[in-house]
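Below is one structure, written out as structure tokens; the observations come after it.
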Amino acid sequence: MSQEVHLRIRRQDAPDSQPYWQDFRVPRKKGMNIISCLQEIARNPVDAAGRKVSPPVWDCSCLEEVCGACTMVINGTPRQSCSTLVDNLPEGTITLEPVAKFPVVRDLVVDRSAMFRALRDVRAWLPIDGTHDLGPGPRRAPGDVDEAYVFSRCMTCGCCMEACPNYDANDYEQFIGPAPLAQAYYFSKHPTGAMNQDERLEAVMGANGITGCGNAQNCVEVCPKEIPLTEAFARLNRQANRKWLADILGR
Amino acid sequence: MTQSAPRFAVVGGGLAGLMTVIKIAERGHPVDVFSVVPVKRSHSVCAQGGINAAVNIKGENDSPEIHFYDTVKGGDFLAHQPLCKGMAYAAPGLVYLLDRMGVPFSRTPEGNLDFRRFGGTLHHRTAFAGASTGQQLLYALDEQVRRYEVEGLVRKHEGFEFLGPVLAGPGGPCVGLVALDLKTMEITAHRFDAVVMATGGPGLVFGRSTNSMINTGSAASSCYQAGVKYANGEFIQIHPTAIPGEDKLRLMSESARGEGGRVWVPRKKGDTRDPREIPEEERWYFLEEKYPRFGNLVPRDIGAREIYDVCVNKGMGIGGQMMVYLDLTHKPREFLDHRLGAILEIYEKFAGDDPRTVPMKIFPAVHYSMGGLWVDYERTADGFIDGDSPKNHMTNIPGLYAAGECEYQYHGANRLGANALLSCIYSGTLAGPAAVNYASGLERLANDLAEGPYERERLRWERRFDEIRRMDGPENAHKLHRELGELMIENMTIVRHNDALRRTDARLQELMERWHRIGAADTAGWTNQELPFINQLWNMLELARVMTLGALARDESRGAHYKPEFPERNDEEWLKTTIAEWTPDGPKLSYEEVDTSLVKPVARKYD
């Protein structure tokens with residue numbers, strides 16, 4: 001095994017400037033992940049040809065695959081750079097690119113604010129009566145909570161959005177994307193959320209809602225938390241159809 | 001027509017910050033949130049095990065009073081007791097609130113919230129959502145804040161770094177803040193009538209810790225340098241169980257032990273056998289042996305010290321290293337997946353072994369700061385907190401508040417597991433209303449003030465960043481940071497010696513000198529991560545001195561602060577809060593009484 005890790009990083013100085021590739025070599029260490037490679041470059045910002053360069057810019061925070069910040073395209077696949085261990089990648093050059101569906105800010109940093117906008121649009125919350133003490137919430141069957149919990153692990157990382165052939169943050173009016181749709185479904189699993197699921201379905205049934213899903217099923221393939229996204233869409237579709245019918249029949 | 005309305009800023013979007021935001025917005029006031037990351041990515045997501053509330057679901061006669069006592073005892077009697085009491089009594093209501101917000105808490109067969117064991121208590125008191133409780137709690141608050149955002153009451157400034165407060169004059173009041181837009185690098189001053197700091201802990205002062213990369217302590221340090229007192233900086237929690245890593249040390253939750261995990265080393269020194277081949281009688285369950293009552297669930301300071309003793313003093317760590325086994329393999333796979341899935345996945349992904357079949361290799365890591373910005377509170381005659389007082393969570397600068405890990409009030413000398421999520425949320429429920437009540441009593445609002453202090457502070461920070469951008473020395477900021485971390489881990493963690501602490505402070509001052517010889521590796525005017533980091537590094541160095549000198553002065557052992565030269569707790573001389581105030585010549589230390597009027601300090605025993 002090579003003593004060095006060879007990285008090829010797609011860089012871009014600003015949103016409107018031309019991207020370019022830069023190569024780096026860092027000493028290989030057991031158990032190292034992509035983040036520690038980037039940290040090593042920051043400690044010694046020299047490219048593979050020995051030229052002094054500005055260290056690549058990237059997003060990260062928790063480094064344990066729970067904050068969703070460090071998404072990038074690694075060897076062609078969107079994933080978290082913290083949980084991507086170098087030893088688990090095939091021998092040879094590792095390519096790092098910013099995810100393509102969101103506007104590049106600089107280097108590997110992209111603007112994922114469209115995902116948070118979508119969470120606002122699908123009204124992803126429970127309308128509680130207030131934060132004063134009203135006693136316990138509704139009792140819930142353990143199995144129901146377990147099913148819901150899976151969807152609540154979505155960390156808005158954007159891997160599914162990147163893999164979805166129908167999603168593009170620059171064309172928000174076409175499709176709001178898989179992750180926010182799954183959240184719209186998640187809230188219907190809660191007894192309080194079920195009471196006002198119609199509000200969420202309004203958004204889901206909008207022009208950029210569930211009809212934008214082409215059922216390519218790429219999203220479930222790349223989700224780092226293995227969230228059953230397509231299952232959610234199937235059920236959300238049924239909810240939407242029922243509402244559509246009820247609306248036509250005037251309830 | 002009323003005058004202009006008061007304006008509020010919350011800095012930081014973790015549990016404490018978002019709870020503060022909700023409490024302010026719920027009262028109908030607009031509030032601005034500043035956060036270096038989208039608030040949904042705040043460090044609270046990393047909390048795993050749960051949140052304490054004495055709901056007594058298991059019929060064990062648990063009560064808020066016992067929770068209060070356990071918290072005070074866990075903190076080795078250095079915490080302010082009325083706050084601990086207020087928190088323990090509020091806890092059941094807060095967990096119910098989170099339940100109503102939709103947190104997918106794990107349930108009993110009857111559909112009630114389930115509770116598990118945690119350190120420093122004998123009761124099942126910890127509500128949990130699998131093993132990703134912090135993530136679930138943060139998302140619930142994030143969702144409520146999003147609702148207020150849609151209603152127009154909350155404005156988020158995500159990707160903005162707080163640089164410092166704006167004070168109307170020396171000593172205050174605080175009338176705004178200066179922030180850096182991390183994308184455009186623009187520095188702007190903002191007018192606010194009250195500013196609540198909720199910026200989390202300073203784990204990065206120790207280089208690698210269980211903390212997120214955003215936990216530099218820089219914002220709190222900046223407040224300290226602007227005149228806010230910093231309290232109990234020497235009390236740093238070392239979590240007994242973490243997973244080693246090149247980039248960070250990942251937490252292995254205390255809930256692993258709460259659910260039955262056992263800590264052991266081979267009885268034979270230097271035993272190189274596969275742990276699965278070591279028979280039961282040849283394993284030393286040292287915590288269970290020494291602490292028959294609490295066993296593996298002793299508080300973290302004690303657990304970390306015992307591991308240190310076994311590994312360093314007795315040389316019995318795995319492979320001669322500071323490493324022990326944390327064993328869950330005796331538990332059924334289905335049980336583990338259900339109760340601990342999220343953390344077992346983390347271990348599997350990063351360490352490569354399946355903890356359901358192979359004992360985990362774990363070691364102690366810096367985890368939490370009990371110390372932080374000094375804040376005030378107002379107690380009632382019966383020992384609770386006066387929830388209407390504007391003094392609650394206010395620093396010594398009027399109008400500048402602090403809540404969550406960045407302040408010091410709840411955990412004394414050692415925090416109990418699953419009390420952090422609770423104290424973050426509880427402190428938000430106090431800080432929000434306090435800020436509103438303070439601002440409502442102001443005669444002049446920030447909007448009516450002259451431009452002077454705002455422009456002055458903005459220009460001061462602009463000059464600071466221009467200077468940093470022009471730095472062209474030979475030092476690399478990240479390498480200096482690594483040196484800082486190694487220095488602090490070596491001397492300021494589980495065991496502390498005065499001669500080493502003196503050397504550490506001298507080294508810190510050297511690092512501060514070398515900081516001036518850094519070369520800025522990136523001079524771009526757009527999304528430049530180097531310049532803020534160089535600024536943060538200085539702030540980390542300032543805080544490191546506060547921690548180190550506080551530790552040097554405190555000649556006793558209490559909670560997480562342990563000096564072999566002074567192995568006993570010394571209430572007569574040291575039952576007091578360390579206060580550090582910034583001066584150009586380094587921190588000036590003084591001390592302040594602790595309110596111990598509710599529970600008499602006794603010897604702290606868990607055996």
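Letters A, B, ... are given to chains in the order of the sequence lines, protein chains preceding strands, and every chain is numbered from 1. Computed from a predicted model, the values in this text were never measured in an experiment. Both backbone and side-chain heavy atoms feed into the values below; hydrogens, waters and symmetry mates do not.
Only the side chain of B/Q48 has a heavy atom closer than 4.5 Å to any heavy atom of chain A. Contacts between B/H338 and chain A at a heavy-atom distance below 4.5 Å involve the side chain alone, from C-beta outward. In this structure, chain B has a heavy atom under 4.5 Å from the side chain of A/L85, while its backbone stays farther away. B/F350 touches chain A through backbone and side chain together, each having a heavy atom under 4.5 Å away. Only the side chain of B/E345 comes within less than 4.5 Å of a heavy atom in chain A; its backbone stays farther off. Looking at B/P109, the atoms closer than 4.5 Å to chain A (heavy atoms on both sides) all sit in the backbone: N, CA, C or O. For chain A, no part of B/A140 is nearby; none of its heavy atoms comes within less than 4.5 Å. Neither the backbone nor the side chain of B/K156 comes within contact range of chain A; no heavy atoms are under 4.5 Å apart.
In B/K349, the NZ atom is crowded: over 12 heavy atoms of neighbouring residues, nucleotides or ligands sit closer than 6.0 Å.
Residue pairs meeting the side chain to side chain donor-acceptor pair (under 3.5 Å) criterion with at least one member in residues 103-112 of chain A, sequence neighbours excluded, are A/R11-A/D107, A/T71-A/R112, A/R106-B/D522, A/D111-A/S113.
For chain B, the option among A/L134, A/T192, A/D121 with the highest count of heavy-atom pairs below 4.5 Å is A/L134. Your options are A/P136, A/G130, A/P127, A/C82, and the one with the most heavy-atom pairs under 4.5 Å with chain B is A/P136.
A/F116 is linked by a ring pair (Phe, Tyr, Trp, His ring centres under 6.0 Å) to nothing, counting only residues two or more places apart in sequence or in another chain. Partners of B/E143 by salt bridge (Lys or Arg N to Asp or Glu O under 4.0 Å), not counting sequence neighbours: none found.
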Please assess B/R107 against A/D146 for the test salt bridge (charged side-chain N to carboxylate O under 4.0 Å, His left out), listing each intermediate value before the final yes or no.
-> CA-CA 9 Å; B/R107 303 275 155 169; A/D146 292 347; over 6 Å; no
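In this pair, B/H239 and B/H367 present their aromatic rings perpendicular. The plane angle is above 60°, beyond the 30 to 60° band.
Remark: A/R235 is not positioned above the aromatic ring of A/Y185, lacking an NZ or CZ atom under 6.0 angstrom from the ring centre and at most 45 degrees off the axis.
The contact list for residues 243-251 of chain B toward chain A, using heavy atoms and a distance under 4.5 Å, reads B/E246, B/D247, B/K248, B/R250, B/L251 by residue number.
Here A/E65 pairs with A/K225 in a salt bridge; the nearest charged N to carboxylate O distance falls below 4.0 Å. With respect to the salt-bridge test (charged N to carboxylate O, under 4.0 angstrom), the residues B/K479 and B/E483 do not qualify.
One side chain, A/R79 or A/T84, offers a donor N or O that lies under 3.5 Å from an acceptor on the other.
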